[in-house]
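Source: prediction; values computed, not measured.
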Amino acid sequence: MNLRKTMLIGAVLLTVLAAAAYSLQGTFARHTGGPRVLVAYFSHAGENYAVGRVEKGSTAALAEMIAEETGGDLFEIKPKNDYPERLKDVLETARREQKENARPELAENVRNLADYDVIFLGYPVWCSDMPMPVYTFLETNDFSGKTIIPFATALSDSLTGNENNIPDHAKGAKVLNGIGLEGKFVHDTPRLAAPMVSEWLENVGWKDVGKTVD
C-alpha cells in the first residue's frame, strides 16, 4: 500500500471517528447539560373525536413535539388490555373504569425512572379526567424528588384541574404548570401547535429543575 492510500484511509478513519465523537458528545450533553427528561404519555389510536380514525393519537403527536424540544426519552403508557377502537365504546369503558376507580394493569413499566429528573406526563382528557392507566402509572412508581409536568389533548385548549391532584397519586412529586391543547388542532395543524408548545416550554421552567440557588 503506497503512502497516498495510507494517508487517505487514515483521513477517512479520522473523519468517521470525529463524527462519532461529535454525535456522542451531543447525546452526552443532552443528558448532562440539564435535567434528564422523560416524556411519558397515554394515547389512543383508532376513532378519535372530530378527526375520525387515526393511526396515531393526538396526545402521542404532542408527546413527540415535547420530546423533540427537550431531548427527552419517550415512554408510552399502555394498558395490558387495549381499549376498543370505536370512540363510543372507549367512552363507555372510561366511564365504567372511573366509577369503579379501576387501575388497569400496564403492559410494561419504566425500568429506569430513577434516572430522570423531569417527567412530562401526557394523556387525552376522558370524561373530564385522566384515563385510569395514567393513575396506575403514577401509583406504581416512585416519584420522590421528581418534577411532573402535565400535558393533555381535549375538546378544548384547557386542562381539567385534576392535574392538581397528581401529587396525591405520585407521592413525593412536584407539579409544574401544564398545557392543554385541542386534539383536533394538534392533529390537523401540527405546524401551528409546535410554536405554542415551544413557548410553553420556554415559560414553564423545566430547565431550572435541579438547579441550586446560592
I'd like to know whether CZ of F185 has more than 12 heavy-atom contacts from other residues, nucleotides or ligands below 6.0 angstrom.
yes

Counting only heavy atoms not in E55, do more than 12 fall under 6.0 Å of its CD?
no

Please tabulate, for side-chain N and O atoms in residues 60-68, each donor-acceptor pair with protein atoms closer than 3.5 Å (sequence neighbours left out).
{"from": "E64", "atom 1": "OE1", "to": "K56", "atom 2": "NZ", "distance (Å)": "2.9"}
{"from": "E64", "atom 1": "OE2", "to": "K56", "atom 2": "NZ", "distance (Å)": "3.2"}

Residues 191-205 side chain polar contacts: donor-acceptor under 3.5 Å, at least two apart:
{"from": "S198", "atom 1": "OG", "to": "E69", "atom 2": "OE2", "distance (Å)": "2.6"}
{"from": "S198", "atom 1": "OG", "to": "A194", "atom 2": "O", "distance (Å)": "3.2"}
{"from": "W200", "atom 1": "NE1", "to": "N177", "atom 2": "O", "distance (Å)": "3.2"}
{"from": "N203", "atom 1": "ND2", "to": "E199", "atom 2": "O", "distance (Å)": "3.2"}

So, taking the atom named [atom1] in [X] and the one named [atom2] in [Y], what distance separates them when rounded to the nearest 0.5 Å?
X    : Y    : atom1 : atom2 : value
T70  : K207 : OG1   : NZ    : 10.0 Å
I149 : I119 : CD1   : CD1   : 9.0 Å
E163 : D129 : CD    : CG    : 10.0 Å
L106 : K78  : CG    : NZ    : 11.5 Å

Going through the distances and angles, do I77 and L121 end up as a side-chain contact (heavy atoms from CB on, under 4.5 Å)?
CA-CA 10 Å; I77 302 169; L121 179 68; 3.9 Å; yes

Polar side-chain atom of [X] near backbone of [Y] as donor-acceptor pair, under 3.5 Å:
X    : Y    : value
T136 : P104 : yes
E47  : R86  : no
D73  : L38  : no
H44  : P84  : yes
N162 : S128 : yes

Below 4.0 angstrom, N of the basic side chain to O of the carboxylate: do E85 and R53 qualify?
yes

Is any NZ, NE, NH1 or NH2 atom of the basic residue among R103 and E105 found under 4.0 Å from an Asp or Glu carboxylate oxygen of the other?
no

How far apart are the closest heavy atoms of [X] and [Y], and which atoms are they?
X    : Y    : answer
A173 : I148 : CB-CD1, 3.8 Å
L138 : M130 : CD1-CE, 4.2 Å
P124 : P131 : O-CD, 3.2 Å
D142 : L113 : O-CD2, 3.7 Å
W206 : V37  : CZ3-CG2, 3.6 Å
C127 : Q98  : CB-NE2, 3.4 Å

W126 and Y83: CA distance, side-chain angles, deciding distance, side-chain contact (heavy atoms from CB on, under 4.5 Å) verdict
CA-CA 12 Å; W126 282 2; Y83 283 91; 3.8 Å; yes

Contacts satisfying ring-ring contact (aromatic ring centres under 6.0 Å, His included) that involve residues 160-184 (not counting sequence neighbours) are Y135-H169

side-chain contact (heavy atoms from CB on, under 4.5 Å) evaluation trace for L91 with K88:
CA-CA 5 Å; L91 294 178; K88 177 183 177 181; over 6 Å; no

Within a strict 4.5 Å, meaning less than it, do heavy atoms of the T59 and F42 side chains meet?
no

Between F137 and F143, is the ring centroid distance below 6.0 Å?
yes

Look at the side-chain heavy atoms of Ile, Leu, Val, Met, Phe, Trp and Tyr, link any pair under 4.5 Å apart, and say whether [X] and [Y] land in one connected group.
X    : Y    : answer
L176 : L181 : yes
V90  : Y49  : no
V134 : V175 : yes

As a quick check of understanding, evaluate side-chain contact (heavy atoms from CB on, under 4.5 Å) for N48 and H187, giving each step before the final call.
CA-CA 10 Å; N48 276 227; H187 179 270; over 6 Å; no

